Number of protein chains: 2
Amino acid sequence: MKTRKLSDFELEVLQQLWRLEQATTPEVHKQIAAKRDVKYSTVRTIVDRLEQKGAIERLPQAGRAVVFRPLLSRKDVSLPMTRRFVDRVFGGDSRPLLSHLLGNEPLNTEDLDYLESVIARRKKDLADDD
Amino acid sequence: MKTRKLSDFELEVLQQLWRLEQATTPEVHKQIAAKRDVKYSTVRTIVDRLEQKGAIERLPQAGRAVVFRPLLSRKDVSLPMTRRFVDRVFGGDSRPLLSHLLGNEPLNTEDLDYLESVIARRKKDLADDD
DNA sequence: AATTTAAATCTACACTTGTAGAACTTATCT
DNA sequence: AGATAAGTTCTACAAGTGTAGATTTAAATT
């Protein structure tokens with residue numbers, strides 16, 4: 001899973017591909033152009049670069065428009081990128097990030113309950129270990 | 001607080017400045033060169049760019065070597081970067097990031113207790129609100 | 001003072017990224 | 001079939017980034 005570095009724009013296109021499971025460049029363009037003003041050929045360039053980087057592949061079938069689908073899963077991308085981010089911005093210590101997110105991101109009761117359960121599990125693991 | 005975008009390397013230098021509070025380029029270079037092989041002039045270029053971007057400033061005093069210190073705090077940088085990261089990689093939803101970090105980052109009992117307390121506070125806020 | 005050394009400044013360059021125009025190729029619609 | 005539209009491919013380019021050599025300047029040492 002040779003996850004070469006992906007640019008902002010490449011990530012944005014990949015997000016769309018994850019959402020749609022697979023799509024043509026015009027489809028991806030339509031999605032993104034709904035938010036930002038960007039030309040078709042620009043999106044197409046990004047799609048090509050994603051293909052070159054091995055992050056997506058084209059499905060051979062349909063004749064005219066090329067259908068692409070992701071080769072990398074969300075996790076393939078998010079795990080290494082999270083690691084990198086914590087290193088770059090927090091010097092490797094994820095705790096300030098955690099408390100910031102827990103303290104400020106929009107979370108409902110259900111979310112909080114779930115996160116609490118994750119902590120509980122961690123605690124149990126710690127207890128079991130020694 | 002015009003936080004222009006900072007590159008990886010710029011962030012790395014800034015981390016050192018935060019750690020040291022203030023430092024000369026040779027000092028920063030020594031720190032970074034301890035981990036990676038990088039030339040003095042390379043680090044100096046990055047320092048100059050940080051200065052141009054207004055992220056650091058030079059202290060006028062000492063005659064020969066120029067001392068720099070950060071103009072941006074860790075939070076000035078980490079808050080907007082975290083936002084951007086969550087948007088880029090998780091499409092704006094921080095919950096998968098939270099559960100990943102809580103479930104996998106190295107955390108000791110004390111850390112977990114503290115994070116639990118943050119959650120507890122959030123829950124109370126929710127209860128008070130309605 | 002003359003020499004060595006440390007640091008600063010200047011210049012350069014290849015690669016990546018965002019951005020898109022122009023030209024060519026199919027389909028599609030009268 | 002001819003014209004229009006939709007999509008693909010090719011080419012380009014400025015800004016940003018990582019990287020560093022060469023040159024100049026200032027400080028320290030003999």
Side-chain angles (χ1 to χ4, degrees), chain A residues 2-17 20 22-33 35-68 77 81 84-85 87-89, chain B residues 2-17 20 22-33 35-68 77 81 84-85 87-89:
Chain A
K2 185 140 287 120
T3 311
R4 261 195 281 176
K5 226 181 304 184
L6 300 177
S7 76
D8 283 5
F9 205 161
E10 284 161 3
L11 251 319
E12 193 182 3
V13 167
L14 200 47
Q15 295 276 359
Q16 293 305 324
L17 277 267
L20 304 170
Q22 64 176 52
T24 64
T25 306
E27 281 162 358
V28 173
H29 173 240
K30 176 174 301 188
Q31 298 295 318
I32 296 181
K35 306 177 229 153
R36 311 190 290 114
D37 178 35
V38 63
K39 295 289 175 290
Y40 166 81
S41 57
T42 303
V43 174
R44 181 70 216 210
T45 302
I46 302 302
V47 168
D48 286 341
R49 289 178 185 164
L50 278 171
E51 192 186 12
Q52 274 161 5
K53 290 186 178 183
I56 66 177
E57 76 175 348
R58 47 176 76 197
L59 306 182
Q61 32 274 60
R64 66 270 155 263
V66 183
V67 180
F68 292 90
V77 170
M81 288 204 70
R84 243 172 59 83
F85 176 72
D87 287 347
R88 288 192 313 144
V89 179
Chain B
K2 185 137 287 122
T3 311
R4 261 193 281 176
K5 228 182 302 182
L6 301 176
S7 76
D8 282 6
F9 205 160
E10 285 160 2
L11 250 318
E12 192 182 3
V13 168
L14 200 48
Q15 294 278 359
Q16 294 304 324
L17 277 270
L20 305 169
Q22 64 175 54
T24 63
T25 305
E27 281 163 357
V28 173
H29 174 238
K30 177 174 298 188
Q31 297 296 318
I32 296 181
K35 304 177 231 153
R36 311 190 291 114
D37 178 37
V38 63
K39 296 289 176 286
Y40 166 82
S41 56
T42 303
V43 174
R44 180 72 215 209
T45 301
I46 302 301
V47 168
D48 287 341
R49 290 179 185 166
L50 278 172
E51 192 188 10
Q52 276 161 3
K53 290 185 178 185
I56 67 178
E57 77 176 347
R58 46 178 76 199
L59 305 181
Q61 32 272 60
R64 64 265 157 270
V66 184
V67 180
F68 292 91
V77 171
M81 288 205 68
R84 242 172 60 80
F85 176 72
D87 287 346
R88 287 192 314 143
V89 179

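Everything numeric here is computed off the predicted structure, so don't read it as measured data. Every chain is numbered from 1, with letters handed out A, B, ... down the list of sequences.
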- request: Tell me whether the OP1 or OP2 atom of dT8(D) has a side-chain N or O from Tyr40(A) closer than 4.0 Å.
  value: yes
message: Restricting to salt bridge (Lys or Arg N to Asp or Glu O under 4.0 Å), what partner residues turn up for Lys39(A), sequence neighbours left out?
response: Asp37(A)
statement: The side-chain contact (heavy atoms from CB on, under 4.5 Å) partners of Leu17(A) (sequence neighbours excluded) come to Val13(A), Val28(A), Phe68(A), Pro70(A)
message: Checking Glu27(A) now: which residues fulfil salt bridge (Lys or Arg N to Asp or Glu O under 4.0 Å) with it, not counting sequence neighbours?
response: none
field: Interatomic distance, Glu51(B) CD vs dC10(C) P [rounded to whole Å]
entry: 12 Å
Salt bridge (Lys or Arg N to Asp or Glu O under 4.0 Å) partners of Arg44(B), counting only residues at least two apart: Asp48(B)
query: salt bridge (Lys or Arg N to Asp or Glu O under 4.0 Å) with Asp87(A): which residues, sequence neighbours excluded?
result: Arg83(A)
- prompt: What integer distance in Å separates Leu11(A):CG from dG18(C):C1'?
  reply: 14 Å
message: At under 4.0 Å between heavy atoms, how does the protein contact nucleotides 10-24 of chain D? Give one character per nucleotide, 5' to 3', with B, S or -.
response: -------BBBBB---
